[in-house]
Amino acid sequence: MLITGGGSGIGRELALRFHALGNTVIVAGRRREKLEETIAGQQNMHAMVVDVEDPQAITPFAERVIAEHPRLNVLINNAGIMRREDLTSTHDITDAEQTVVTNLLGPIRLTNALTDHLVSQSDATIVNVSSGLAFVPLSGTPTYNATKAAIHSYTISLREQLKGKVELIELAPPAVQTELTPGQSTREGYMPLNDYMEEVMTLFQEKPTPREILVENVNFLRWAERDGHFDEVVEMLNKM
Ligand SMILES: NC(=O)c1ccc[n+]([C@@H]2O[C@H](COP(=O)([O-])OP(=O)(O)OC[C@H]3O[C@@H](n4cnc5c(N)ncnc54)[C@H](OP(=O)(O)O)[C@@H]3O)[C@@H](O)[C@H]2O)c1
């Protein structure tokens with residue numbers, strides 16, 4: 001199992017918990033020291049440095065992963081960044097560009113680089129990490145929300161195209177206490193990481209695995225439009 005962004009937050013917890021269930025896990029990200037912390041003292045856990053923002057890095061990285069772990073059959077596209085953006089005047093859009101490259105092109109490129117390999121494996125699965133904000137936008141992070149809505153849509157197309165070959169699962173977290181944005185790991189009203197992960201792992205172990213891993217706290221976002229609450233939820237989110 002390969003988990004991008006496995007050096008911290010949700011990715012690290014997924015890595016440790018899937019490893020505890022008996023999986024060999026490779027964690028990948030830019031900061032080697034964070035990856036080493038994740039795998040410290042564990043057998044069958046490996047750390048590999050990659051910057052998913054760098055298009056030149058992804059194919060060689062995927063080739064190395066396959067060469068070193070030829071039985072790899074699960075990819076978790078978890079790496080992501082979230083930046084605030086002020087759209088009220090013409091501004092430097094570097095944050096928007098980096099967000100699209102990391103959160104959207106990163107998973108597209110890495111999935112593409114691993115598709116032939118995954119299709120050749122039994123029980124192959126791709127998990128794409130979206131967000132509750134894919135379904136209702138938080139106006140302060142417009143490009144972030146847009147990349148997550150795009151990953152939701154892309155996952156549905158991939159699921160159809162790879163039907164019978166690779167299973168596609170979407171993990172859509174609510175607000176969780178991690179270091180995704182400064183101060184978020186202690187922010188009130190955000191779900192403690194451990195509570196989130198307990199619920200997530202229970203859902204992952206349902207048979208069959210749900211197509212979307214949705215904890216209770218994300219349902220008000222996921223189903224806002226279907227349930228006729230979309231405008232209210234947009235307003236509520238943006239007051240926060
Ligand atoms: N926490 C929440 O409230 C929440 C809610 C909804 C969705 N999510 C999603 O959950 C995923 C994990 O986020 P998190 O909350 O666990 O935050 P986090 O701790 O900041 O994790 C993000 C991870 O992505 C890695 N990453 C970022 N840019 C990268 C790049 N260019 N190349 C390789 N790795 C990169 C980071 O490692 P390096 O910096 O070492 O590269 C980091 O380990 C993200 O996709 C996020 O959008 C989180």
Side-chain angles (χ1 to χ4, degrees), residues 2-17 26-39 47-58 61-62 65 75-84 94-95 97-110 127-138 140-141 143-152 154-155 169-197 199-200 212-215 217-222 237 240:
L2 169 63
I3 307 182
T4 64
S8 64
I10 294 169
R12 173 179 285 182
E13 288 300 317
L14 287 170
L16 292 171
R17 287 163 198 254
I26 308 145
V27 287
R30 292 167 301 183
R31 290 168 297 170
R32 175 165 290 284
E33 68 283 4
K34 301 295 288 178
L35 302 171
E36 295 291 349
E37 271 172 36
T38 302
I39 70 165
M48 288 173 78
V49 172
V50 69
D51 180 354
V52 297
E53 212 184 314
D54 175 2
Q56 309 305 326
I58 292 185
F61 166 72
V65 173
L75 164 64
I76 304 188
N77 283 307
N78 163 79
I81 55 171
M82 182 176 191
R83 307 254 171 90
R84 295 192 68 79
T94 304
D95 279 339
E97 290 171 352
Q98 288 179 341
T99 304
V100 171
V101 175
T102 303
N103 295 6
L104 179 58
L105 280 175
I108 290 174
R109 287 174 173 145
L110 185 55
V127 179
N128 285 336
V129 179
S130 65
S131 168
L133 300 179
F135 305 98
V136 182
L138 177 68
T141 57
T143 306
Y144 176 82
N145 312 323
T147 62
K148 295 302 187 177
I151 276 294
H152 167 69
Y154 196 82
T155 303
I169 295 171
E170 178 177 350
L171 176 68
V176 179
Q177 291 178 334
T178 68
E179 289 298 342
L180 183 63
T181 60
Q184 185 171 322
S185 64
T186 53
R187 198 169 295 146
E188 227 175 282
Y190 281 53
M191 209 172 166
L193 181 56
N194 192 54
D195 294 356
Y196 175 63
M197 293 309 304
E199 232 181 301
V200 161
E212 296 180 8
I213 302 288
L214 302 169
V215 300
N217 277 1
V218 82
N219 281 324
F220 79 106
L221 295 169
R222 175 66 183 93
L237 269 192
M240 279 160 67

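In listed order, ligands and their atoms are each counted from 1. Hydrogens, waters and symmetry mates play no part in the numbers below; they use all other heavy atoms, side chains included. Just so it is clear, the model here is predicted, and its values are computed rather than measured.
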Could you tell me if the side chain of [Y] sits less than 4.5 Å from the side chain of [X], heavy atoms only?
| X | Y | value |
| --- | --- | --- |
| N103 | I151 | no |
| Q177 | T186 | no |
| I213 | I169 | yes |
| I10 | V129 | no |

Could you list each nitrogen or oxygen of ligand 1 that sits under 3.5 Å from a protein nitrogen or oxygen, with the atom names and the distance?
from     : atom 1 : to   : atom 2 : distance (Å)
ligand 1 : 1 (N)  : V176 : O      : 3.2
ligand 1 : 1 (N)  : T178 : OG1    : 3.1
ligand 1 : 1 (N)  : Q184 : NE2    : 3.2
ligand 1 : 3 (O)  : P174 : O      : 3.4
ligand 1 : 3 (O)  : V176 : N      : 2.8
ligand 1 : 3 (O)  : V176 : O      : 3.3
ligand 1 : 3 (O)  : Q184 : NE2    : 3.0
ligand 1 : 15 (O) : T178 : OG1    : 2.6
ligand 1 : 16 (O) : I10  : N      : 2.8
ligand 1 : 19 (O) : S8   : OG     : 2.7
ligand 1 : 21 (O) : S8   : OG     : 3.4
ligand 1 : 24 (O) : G80  : N      : 3.4
ligand 1 : 28 (N) : R30  : NH2    : 3.2
ligand 1 : 31 (N) : D51  : OD1    : 2.7
ligand 1 : 32 (N) : V52  : N      : 2.8
ligand 1 : 39 (O) : R30  : NH2    : 2.9
ligand 1 : 39 (O) : R31  : NE     : 3.1
ligand 1 : 39 (O) : R31  : NH2    : 3.2
ligand 1 : 40 (O) : R30  : N      : 3.4
ligand 1 : 40 (O) : R31  : N      : 2.9
ligand 1 : 40 (O) : R31  : NE     : 2.8
ligand 1 : 41 (O) : R30  : N      : 2.8
ligand 1 : 41 (O) : R30  : NE     : 2.7
ligand 1 : 43 (O) : G5   : O      : 3.4
ligand 1 : 43 (O) : S8   : OG     : 2.7
ligand 1 : 45 (O) : N78  : O      : 2.7
ligand 1 : 45 (O) : K148 : NZ     : 2.9
ligand 1 : 47 (O) : Y144 : OH     : 2.6
ligand 1 : 47 (O) : K148 : NZ     : 3.1

Item to check | Main-chain N/O of T181 paired to R84 side chain as donor or acceptor, under 3.5 Å | outcome: no
Checklist entry - Between T99 and R83, do the side chains contain an N or O donor and an N or O acceptor separated by less than 3.5 Å? => result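 Note: T99 and R83 side chains miss the donor-acceptor criterion.
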